[in-house]
Amino acid sequence: MRILIVDDETLARAYLVEQLAVFPDVEIVGQAANGFEAVKLVDELSPDLVLLDIQMPKLSGFEVLELLAERAPAVVFVTAYDEFALRAFEVHAVDYLLKPVEPPRLKSALERADARLRNNSGAPSVAAQSQALLAAARPPGVKLDRVLIREESKVLVLPVERLDYIEAQDDYLWFNADGKRHRKQQTMSDLESQLDPARFVRIHRSYLLNIDRLSRLELYSKDSWLAILTSGAHLPVSRAGHARLKELIS
Amino acid sequence: MHPIFSQPARLALYFGVWLIFGALLAGVLAIGHQTPLDWALEFAIPQTVLLGVLSLSTWYLVRALPASETPMPRLLGTWLGAAIVLLAIWLSIALLWGRWLALRSAMPALQDTAQRLAPLLVFVGAIGLLLAVLGHYLLAAFDRSRRAETRSLELQVHAREAELKSLRSQLDPHFLFNSLNSVAALIGSDAAAARRMCLLLAAFCRKSISLGREPAIRFAQELELTETFLAIEAVRFGERLCPRFDIAEETRNLSVPPLVLQPLVENAIHHGIAHLLSGGEVFIGARQREHLLELIVENPFDPEAPKSRGAGVGINNVRARIDTLYGHRASIEVDNRNERFRVTLLMPATPLPIAAAAPAP
């Protein structure tokens with residue numbers, strides 16, 4: 001089994017290397033000290049399993065998983081202590097290890113990962129639920145504060161306050177910010193549930209608007225309106241969307 | 001203890017009121033019943049004071065029959081009975097007193113006057129008694145509400161103490177487990193360093209427990225605790241963590257609440273340095289500005305770092321404690337402009353009590 005170790009602490013990586021040395025069929029293909037490096041190394045090395053720390057500079061372990069999406073290999077999270085993350089792991093049946101990692105637990109986590117690799121389609125992929133996991137690991141009341149988008153080999157971090165609006169198209173969302181648009185595979189309802197409802201309004205089946213960007217509303221036909229944004233963009237507003245807008249503004 | 005006897009001022013006020021009552025009664029007798037004024041005063045004032053003394057006994061009934069908890073028929077019946085007994089006693093004494101006064105003044109006509117006054121006396125006595133009973137009930141209610149107030153204040157003080165204790169004793173589990181992880185890693189590669197780390201951890205836990213128990217400690221002790229904490233974190237973060245101290249000598253012997261500096265440094269590391277790929281400097285400053293002690297903790301941070309667990313807990317914890325201890329005399333300010341996070345804590349520069357000024361052996 002080819003393993004990538006991701007942790008920002010040198011000693012923590014060294015400990016895992018040492019513990020993994022006793023398994024004859026384990027090969028450590030690389031080590032990453034932060035989230036960006038981890039995403040890059042997974043692409044380059046395509047490991048079978050990633051041992052992924054949660055608290056890291058730049059990107060958290062959850063965000064790394066979200067960015068890897070369908071390309072993600074098997075993942076076992078490694079954390080010292082994080083009560084919300086642990087609850088999320090339990091709910092979503094995600095494998096995790098607690099620092100300092102106990103050898104028998106490491107062994108059984110490796111065995112489970114190995115079993116999944118063998119029958120391939122076995123348990124549901126962790127990556128498929130990365131969004132739900134990310135949401136569940138957030139402390140209650142804390143909303144999504146940034147959106148991560150992969151473009152080619154680059155990782156884009158978009159703070160939500162920079163977003164103008166989001167448009168849904170087929171299986172994708174287009175994030176409009178700073179005059180550019182960025183595509184990401186995600187559903188509108190999933191995104192909407194993670195954003196702060198006092199800032200982002202679903203003005204239309206296909207449009208989610210950052211209320212700060214609204215300049216004015218124009219009546220378009222009997223039951224529809226146009227939202228004119230500060231950037232000059234025009235977005236359709238449905239009847240239900242109009243009601244939601246009015247409720248938020250009043 | 002009778003509530004009227006419990007305070008001299010209450011006793012004086014109580015009998016003062018009865019004296020005025022007596023003077024009014026004398027006035028009524030002199031004007032309405034054409035008795036000589038001196039006789040009327042001599043008759044009425046001792047009698048109203050006597051009624052006042054008799055009325056004091058109603059306190060025991062007031063206590064036995066709380067107005068809000070006693071059924072109305074029982075309340076009325078008991079008080080009616082008591083009033084009849086008290087008034088009968090008082091009236092007999094009053095009549096005897098009137099007769100004796102008449103005999104002594106050698107004005108036999110006045111003997112009958114006293115007899116004729118009986119209905120008026122019953123009326124006046126009943127009103128006096130009624131007022132006395134109501135007064136006692138008011139007093140009882142007043143004392144009860146004051147006791148409740150005292151108790152609620154006591155409860156607040158206890159709650160605050162408990163809160164302080166629990167705030168002081170928060171040891172971050174994340175810190176503990178990460179440190180143990182470092183020890184586990186070092187044992188394989190550098191046993192001596194692992195041992196040093198164990199000793200540092202033990203020292204840190206011991207100090208934070210023992211200092212946390214004290215209401216106030218020397219600032220030098222807080223600094224020592226902070227240095228131990230930094231030494232542990234230096235093992236984890238390696239070169240990413242560079243502490244820099246600027247401590248004015250005169251601050252070392254000031255008295256501070258325990259764990260005011262260390263949580264701020266912990267915050268600087270976990271929400272600042274830990275999110276920076278190449279780390280940075282944690283600046284720790286202390287100086288005295290007139291009658292205030294100023295503590296500064298400053299570190300670089302990544303404004304785009306992922307929201308981390310428990311951000312602000314350490315600062316809020318320190319803020320809650322200095323608020324409780326000093327109120328508006330202390331302040332804590334946070335400045336996070338230009339990717340630098342700076343916490344400034346101002347609190348009264350309290351000199352150590354003489355006995356504690358000598359460093360512990």
Side-chain angles (χ1 to χ4, degrees), chain A residues 7-19 21-22 32-37 53-64 66 78-86 97-103 106 134 137-139 141-146 148 155-162, chain B residues 170-191 193-194 196-198 200-201 232-241 266-267 269-280 299-313 316 339:
Chain A
D7 197 309
D8 61 319
E9 290 174 30
T10 318
L11 276 177
R13 290 196 303 273
Y15 178 68
L16 286 176
V17 170
E18 189 195 314
Q19 294 300 309
V22 299
N34 65 68
F36 289 130
E37 233 176 87
D53 183 26
I54 296 176
Q55 300 263 334
M56 287 184 295
K58 302 292 175 195
L59 295 175
S60 76
F62 292 116
E63 290 173 324
V64 169
E66 191 199 339
V78 186
T79 185
Y81 179 87
D82 186 333
E83 55 176 321
F84 298 110
L86 295 189
L97 291 167
L98 292 171
K99 292 181 192 176
V101 173
E102 296 169 31
L106 180 62
L134 194 59
R138 222 173 283 136
V142 175
K143 290 292 172 187
L144 187 68
D145 60 340
R146 55 195 205 154
L148 302 170
V155 171
L156 191 68
V157 178
L158 273 179
V160 294
E161 59 271 13
R162 292 217 333 243
Chain B
Q170 275 170 13
L171 188 65
D172 182 11
H174 204 263
F175 162 74
L176 189 63
F177 292 125
N178 272 317
S179 303
L180 288 172
N181 196 44
S182 301
V183 174
L186 283 171
I187 284 174
S189 56
D190 186 348
R196 274 199 303 277
M197 181 78 163
C198 277
L200 281 171
L201 262 180
I232 295 169
E233 293 296 59
V235 175
R236 251 181 84 196
F237 289 101
E239 289 171 355
R240 287 164 68 198
L241 174 61
E266 186 169 343
N267 190 73
I269 295 175
H270 292 174
H271 304 297
I273 304 304
H275 290 296
L276 294 166
L277 292 179
S278 49
N299 60 280
F301 77 103
D302 175 6
E304 295 199 339
K307 276 264 160 58
S308 58
R309 141 212 70 85
V313 169
N316 289 339
E339 309 195 359

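Each chain gets a letter, A, B and so on, in the order the sequences are listed, and its residues count up from 1.
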To the nearest 0.5 Å, tell me how far [X] [atom1] sits from [Y] [atom2].
X	Y	atom1	atom2	answer
A:D8	B:H275	CG	NE2	9.0 Å
A:T10	B:R240	OG1	CZ	8.0 Å
B:L176	A:K99	CG	NZ	13.5 Å

I need the minimum non-hydrogen distance between B:F177 and A:A80, along with the two atoms involved.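 That would be CD1-O, 3.5 Å.
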What part of [X] lies closer than 4.5 angstrom to a heavy atom of chain B: side chain, backbone, both or neither?
X	answer
A:L59	backbone
A:A14	neither
A:E63	side chain
A:V17	neither

Need one label for [X]: side chain, backbone, both or neither, based on atoms under 4.5 Å from any heavy atom in chain A.
X	result
B:L276	backbone
B:D302	side chain
B:A274	backbone
B:V235	both

Return yes if some donor-acceptor pair links the side-chain N/O of A:R146 with the main-chain N/O of B:E304 below 3.5 Å, else return no.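 Flag set: sc A:R146 to bb B:E304 pair under 3.5 Å.
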B:N178 and A:E9, any side-chain heavy atoms less than 4.5 Å apart: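 SC-SC contact between A:E9 and B:N178 confirmed.
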Can you tell if the side chain of A:L11 reaches within under 4.5 Å of the side chain of B:N181, non-hydrogen atoms only?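 In short, these two side chains do not touch, never coming nearer than 4.5 Å.
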